[in-house]
Protein chains: 2
Amino acid sequence: MDAKKVEKISKALADPNRLLILKELRKNKNCLYCTDVYEFVDLTQPSISHHLKLLTDAELIIPTKEGRNMKYTLNNKMIDQYVNFLQTLKS
Amino acid sequence: MDAKKVEKISKALADPNRLLILKELRKNKNCLYCTDVYEFVDLTQPSISHHLKLLTDAELIIPTKEGRNMKYTLNNKMIDQYVNFLQTLKS
DNA sequence: CGAACATATCGAAGTATTTCGATGTTTCTA
DNA sequence: TAGAAACATCGAAATACTTCGATATGTTCG
């Protein structure tokens with residue numbers, strides 16, 4: 001994993017609301033609809049949309065279109081790759 | 001590991017210069033002096049001092065005073081804790 | 001088709017981060 | 001003890017991030 005990617009993922013993880021989204025994603029069996037997020041994140045719709053976009057761009061979550069809804073699932077593979085990078089920091 | 005700590009560590013990892021410092025730290029057998037950093041990070045002394053402070057505040061590196069020099073070592077334990085948190089995100 | 005719903009995008013305001021030059025503090029050494 | 005060396009701190013400028021209201025786009029359903 002190259003430095004740019006590590007930076008992007010780290011940035012995506014560096015916000016309390018986005019961490020909250022990821023945590024709830026796990027609770028909900030790795031499946032979350034955009035509308036669900038309003039219930040536990042106290043932000044307006046455009047802000048939530050923005051945060052979901054950053055998580056998507058970092059490939060930490062994978063969006064799927066279902067009619068007029070968006071379904072998000074956690075990308076376990078990307079977390080694994082990120083963890084692998086962190087392990088290489090250790091000697 | 002609480003959310004605030006995760007956020008702090010993620011922020012510390014979300015910068016190319018700080019990632020560079022961590023990478024070089026591993027190369028140098030987890031031991032780095034402040035002056036060493038000038039050689040691979042193209043920033044002024046105050047900026048490097050600032051970045052080292054953020055890494056220290058996140059407890060990713062541990063500073064030791066040696067006379068008028070500062071020695072930095074990687075904090076493997078904190079990386080492990082951070083990795084543990086990331087693993088809990090997966091289901 | 002038209003209204004309602006779900007989400008995305010745009011532009012702007014507020015806030016945080018990065019970077020620097022100038023200067024302060026501590027420690028070593030001649 | 002004076003000067004240099006290593007690092008920290010301060011204040012300001014530039015840049016980036018977060019958030020919002022307004023509005024646009026795509027989808028469903030009556």
Side-chain angles (χ1 to χ4, degrees), chain A residues 3-25 28 30-75, chain B residues 3-25 28 30-75:
Chain A
K4 284 249 175 186
K5 186 71 188 174
V6 173
E7 200 190 325
K8 200 165 197 172
I9 293 178
S10 301
K11 268 194 183 118
L13 293 170
D15 177 271
N17 292 308
R18 290 194 292 273
L19 285 175
L20 206 53
I21 291 171
L22 292 177
K23 279 187 183 179
E24 286 292 325
L25 208 52
N28 280 34
N30 279 2
C31 170
L32 204 64
Y33 289 88
C34 202
T35 20
D36 298 334
V37 181
Y38 300 116
E39 293 175 21
F40 57 87
V41 172
D42 190 26
L43 291 174
T44 60
Q45 181 268 321
S47 300
I48 289 172
S49 182
H50 169 70
H51 287 306
L52 287 168
K53 184 168 163 42
L54 290 193
L55 288 169
T56 303
D57 287 351
E59 294 178 282
L60 284 170
I61 60 177
I62 298 167
T64 316
K65 197 162 187 175
E66 286 191 356
R68 58 183 165 181
N69 301 303
M70 288 297 284
K71 188 176 87 175
Y72 292 98
T73 51
L74 194 78
N75 187 0
Chain B
K4 284 247 174 184
K5 186 72 189 174
V6 173
E7 199 190 324
K8 199 164 196 172
I9 293 178
S10 300
K11 268 193 184 123
L13 293 170
D15 177 272
N17 292 308
R18 291 194 291 271
L19 285 175
L20 206 52
I21 291 171
L22 292 176
K23 279 187 183 176
E24 286 292 323
L25 207 52
N28 281 33
N30 278 2
C31 170
L32 204 64
Y33 289 89
C34 203
T35 19
D36 298 335
V37 180
Y38 300 116
E39 292 175 20
F40 56 85
V41 171
D42 190 25
L43 291 174
T44 59
Q45 180 268 320
S47 300
I48 289 173
S49 181
H50 168 72
H51 287 306
L52 287 169
K53 183 168 164 42
L54 290 193
L55 288 170
T56 302
D57 288 351
E59 296 178 280
L60 285 169
I61 60 177
I62 298 168
T64 315
K65 197 161 186 175
E66 284 191 356
R68 57 183 166 182
N69 301 303
M70 288 297 286
K71 189 176 87 176
Y72 292 98
T73 51
L74 196 77
N75 187 1

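Quick note on labels: first sequence line is chain A, next is B, and so on, each numbered from 1.
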Among [options], which nucleotide has an atom closest to any side-chain atom of [X]?
| X | options | answer |
| --- | --- | --- |
| R18(A) | dT19(C), dT18(D), dT9(C) | dT18(D) |
| P46(B) | dT28(D), dT9(C), dG21(C) | dG21(C) |
| R68(B) | dT17(C), dT29(C), dC20(D) | dT29(C) |
| M70(A) | dT27(D), dT7(C), dT9(C) | dT7(C) |

State whether [X] places a side-chain N or O below 4.0 Å from either non-bridging phosphate oxygen (OP1 or OP2) of [N].
| X | N | result |
| --- | --- | --- |
| S49(B) | dC7(D) | no |
| K65(A) | dT27(D) | yes |
| T35(A) | dA6(C) | no |
| T44(B) | dC20(C) | yes |

Distance check needed: [N] [atom2] versus [X] [atom1], whole Å only.
| X | N | atom1 | atom2 | result |
| --- | --- | --- | --- | --- |
| H50(B) | dT9(D) | NE2 | P | 12 Å |
| L52(B) | dC7(D) | CG | P | 9 Å |
| E66(A) | dT7(C) | CD | P | 10 Å |
| K53(B) | dT19(C) | NZ | P | 17 Å |
| L55(A) | dC17(D) | CG | P | 14 Å |
| H51(A) | dT9(C) | NE2 | C1' | 16 Å |
| N69(B) | dT25(C) | CG | P | 20 Å |
| L54(B) | dA16(C) | CG | C1' | 12 Å |

### Query
Of S47(B) and D15(A), whose closest DNA chain D nucleotide lies nearer the 5' terminus?
S47(B)

### Message
Using only atom types and a distance under 3.5 Å, with no angle test, would you say the side chain of R18(A) pairs donor to acceptor with the backbone of K11(A)?
### Response
yes

### Query
Between the side chain of D36(B) and the main-chain N/O of Y33(B), is any donor-acceptor distance below 3.5 Å?
yes

### Message
Could you check whether any side-chain heavy atom of V41(A) comes within less than 4.5 Å of a side-chain heavy atom of Y38(A), counting everything from C-beta outward?
### Response
no

### Flag side-chain contact, heavy atom, 4.5 Å: L74(B) against L60(B)
no

### Query
Is E59(A) salt-bridged to K8(A), going by a charged N under 4.0 Å from an acidic O?
no

### Task
Describe the nucleic acid contact of L43(B) in one word from base, sugar-phosphate, nothing, applying a heavy-atom distance below 4.0 Å.
sugar-phosphate

### Query
Does the dA8(C) base have a donor-acceptor partner in the side chain of Q45(A) within less than 3.5 Å?
yes

